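So the structure is just underneath, and the comments pick up after that.
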Amino acid sequence: MRQFSYLTAFICCLGILGCTQDESTTPTKTDAASLAPDVSWPLHGLDAGETRYSELGDINQETVAELGVAWTYELGSNRGVETTPIVIDGIMYATAPWSVVHAIDAATGKALWRFDPEVPRQWGRWACCDVVNRGVAVWQDRLFFGTLDGRLVALDRHNGKKVWEVQTTPRDKPYTITGAPRIADGKVIIGNGGAEYGVRGFVTAYAVTTGEQVWRFYTVPGDPSKPLEHPDLELALPTWSGQWWQAGGGGTAWDSMAYDPELKLIYVGTGNGSPWSRYARSPGGGDNLFLSSIIALDVETGRLRWHYQTTPGDNWDYTATQHILLTDLTINGEMRKILLQAPKNGFLYAIDRVTGELISATQYVNLNWASHVDLETGRPVETGDANYSGKLKKVIPGPPGGHNWQPMSYSQNTQLLYLPAHDTGMWYSRNGQFEYDPATWNLGVKFDDEVAAHDAADPAEFRGHLIAWDPVARKPRWQKRFAGHWNGGLLSTAGGLVFQGTADGHFTAYRDSDGEELWQTRSTSGFFAPPVTYRSGGEQYVAIAAGIGGGGMGNKVEGAMINEYHNEGRIIAFKLGGNAPMPVSQKRDLDFPELPEITASADQVAQGKELYRTYCGWCHNSSMLLPDLRYLAKEKHAMFKEIVIDGAFLELGMPRFDDVLNAEDTRAIQAYVLEQAVLLRAEPEA
Ligand code: CA
């Protein structure tokens with residue numbers, strides 16, 4: 001009870017909830033269970049510091065064995081689900097693919113309202129990593145969310161009616177929004193993505209009441225012949241060379257933010273360069289500020305207070321958009337206000353969030369690109385393995401990083417940081433002929449037969465971990481390993497539990513102190529989203545969204561049930577004594593369909609392979625999240641051109657490519673697909 005009051009007081013002091021109107025402390029039922037007050041999940045990371053540690057302990061190490069399904073809510077989606085639901089006043093607000101918002105009774109799973117912002121399906125072309133959305137923000141009666149096509153929408157959270165909407169990005173550029181907005185100091189703050197397609201990153205604050213822009217912070221400088229938008233860019237401009245602005249420069253703030261209401265600082269993580277390769281982006285070198293950085297902005301003015309660049313001159317897609325988590329730690333006998341981040345580059349950083357001083361940087365996964373971070377200079381010391389200017393190099397971690405967007409959790413119970421990490425790597429080959437093309441990924445690195453041959457001969461290790469990390473001792477206390485590398489975000493609770501879902505469909509509760517598995521269930525779908533917990537009607541629930549996709553869309557996990565079942569998106573809520581059935585998705589038809597007879601020359605097939613790599617292969621792969629084209633039926637082959645060129649399946653999410661492909665290209669792609677289909681029949685994959 002005291003802990004709950006602390007949490008409520010903390011939220012109230014942020015001015016985020018109207019405390020006089022906060023009914024979350026009022027039991028809504030009069031039965032015995034309702035003696036306990038209801039508890040919300042009011043903010044994206046539960047609290048402003050985004051610790052994702054809940055004070056709830058009804059579900060605990062002793063009782064967790066009784067956990068069962070309370071209810072299931074069907075999102076009606078078949079793409080990646082990455083939502084962190086917000087729960088307030090017994091109502092859950094969750095987002096689904098294509099930025100659709102669902103309001104659900106948090107105790108029963110009953111649908112209350114649904115809002116579809118009608119994102120043009122063609123916009124899926126600009127989403128590097130699926131048409132995902134990571135959640136909404138709520139302030140008083142308003143609900144805010146970003147749409148894939150760059151809008152920020154405010155709804156009345158009681159009925160789902162639109163209050164206002166602003167276009168936050170230039171509509172003629174390949175920007176996307178997948179991240180959740182955050183509320184701070186009467187403003188709603190939102191970033192964007194798109195660095196793979198060529199955009200310039202920025203983060204914007206709007207007035208919660210009107211949607212009027214208050215400030216905007218560009219994370220990289222634009223065309224130097226034009227005036228700087230804000231003085232902080234004077235620091236960044238000399239760190240760039242060449243004509244970076246033509247491909248936007250990147251540095252997109254597509255996910256992480258955290259807020260310290262006392263310091264009035266909003267912390268934002270920025271992404272990789274556009275293109276990935278600095279050789280192509282900034283040929284004269286330079287740090288390329290503020291790529292791959294943590295920036296601390298004054299929430300009132302949007303001006304820079306401090307910055308820390310995790311990967312100077314990023315050359316490897318090493319974003320620092322990963323979860324930013326604020327907590328206080330006693331280091332060398334002194335209590336410090338800390339910011340923790342484990343960005344893609346494989347080092348876990350502890351930074352003084354008042355001053356930006358680097359306190360420690362510790363390797364948390366396999367890496368070879370740097371030997372260590374020099375604490376004097378704050379810079380990583382790169383090894384020869386990182387330099388692919390003249391020769392193909394295997395760089396560890398690869399573009400998925402040592403950790404991606406999946407949130408961590410810091411437990412007050414154990415003082416441990418729970419980190420969903422992975423070992424990854426990639427062969428990097430410099431593309432000396434890089435030219436900016438907004439119709440496809442702009443990387444400045446090659447994916448060709450030479451790279452594929454190296455990868456086949458010496459593949460990088462891909463492996464998932466759950467690491468219980470001691471941020472003071474700077475070492476793991478315990479660790480779990482998974483078959484698939486790309487897994488779900490984390491939740492820890494005062495019940496002494498850590499919850500995580502995995503790509504292979506398991507949802508597990510671990511003892512927080514030693515990782516002992518205390519409860520587990522299995523779904524036909526895989527989990528990437530982070531779980532949340534709340535109390536409604538006197539009972540504690542743990543809820544998690546199912547549905548694979550996102551940046552993990554290329555990964556087929558051996559043994560996962562999703563390989564045999566359709567990717568139906570849903571939210572599953574659990575409670576003690578819950579006895580609803582575990583939902584089961586529809587089975588996939590994995591029989592080989594009859595193939596059409598098409599004659600093509602070897603040249604056509606080779607041309608088709610190139611085009612397939614450029615425009616098709618990222619989405620259409622063996623993970624079967626989106627159709628594996630080797631299983632394409634004869635009727636669909638008959639309309640191949642209509643699908644690819646004319647957008648016959650646009651409303652199903654398949655964009656049209658008539659701006660870059662002609663009928664002849666389409667035939668070449670089809671010939672390549674058929675060749676692959678025949679190969680698969682001759683030699684089925686394990
Ligand atoms: Ca990226």
Side-chain angles (χ1 to χ4, degrees), residues 80 82 124-134 148 169 173-179 191-203 219-220 244 247-256 268-282 288 290-295 309-324 341-346 369 386 388 395-406 422 424-426 428 431 434 436-438 440-447 460 462 485-486 528 549-555 617-619:
E82 299 186 350
R125 275 274 291 277
W126 314 129
C128 77
C129 307
D130 202 357
V131 296
V132 295
N133 187 288
R134 284 182 289 277
L148 192 72
T169 54
K173 293 273 194 296
Y175 282 96
T176 51
I177 295 178
T178 57
N192 48 57
E196 271 67 42
Y197 292 87
V199 301
R200 180 186 181 197
F202 58 85
V203 56
T219 59
V220 298
W244 72 89
T252 48
W254 55 263
D255 191 53
S256 65
V268 180
T270 71
N272 57 279
S274 178
W276 285 359
S277 161
R278 186 177 62 169
Y279 310 130
R281 185 181 66 238
S282 183
N288 294 182
F290 300 98
L291 295 183
S292 305
S293 300
I294 298 160
I295 53 176
Q309 190 174 37
T310 61
T311 308
D314 168 44
N315 213 356
W316 311 273
D317 187 27
Y318 284 170
T319 71
T321 51
Q322 281 58 48
H323 186 179
I324 291 174
Q341 192 194 43
K344 277 189 184 178
N345 75 14
W369 75 281
Y388 60 96
V395 187
I396 301 170
H403 169 220
N404 211 285
W405 66 270
Q406 289 90 334
H422 38 235
T424 65
M426 191 181 87
Y428 285 72
N431 178 4
F434 172 76
Y436 176 54
D437 174 8
T440 183
W441 281 33
N442 288 273
L443 308 182
V445 300
K446 289 191 278 193
F447 293 101
F462 278 71
H485 81 276
W486 193 270
F528 293 150
M553 69 202 285
N555 314 303
W618 172 243
C619 292

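Model, not experiment: these values are computed from the prediction. No hydrogens, no waters, no symmetry mates; every other heavy atom, side chains included, goes into these values. Whatever order the structure lists ligands and atoms in, that order sets their numbers, starting from 1.
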>> Using side chain to side chain donor-acceptor pair (under 3.5 Å), reason through T169 and N192 one step at a time and then give a plain yes or no.
In response: CA-CA 8 Å; T169 54; N192 48 57; over 6 Å; no
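- Residue T319: no N/O/S atom is found under 3.0 Å from the Ca ion (ligand 1).
- With Y436 contributing its side chain and Y197 its backbone, the two residues share a donor-acceptor pair below 3.5 Å.
- The aromatic rings of Y388 and Y428 sit tilted relative to each other, their planes meeting at an angle between 30° and 60°.
- Between H422 and H485, the angle of the ring planes goes over 60°, which puts this pair in the perpendicular group of the 30/60° scheme.
- Of all N, O or S atoms in D317, the one lying closest to the Ca ion (ligand 1) is OD1.
- Of all N/O/S atoms in E196, OE2 sits nearest the Ca ion (ligand 1).
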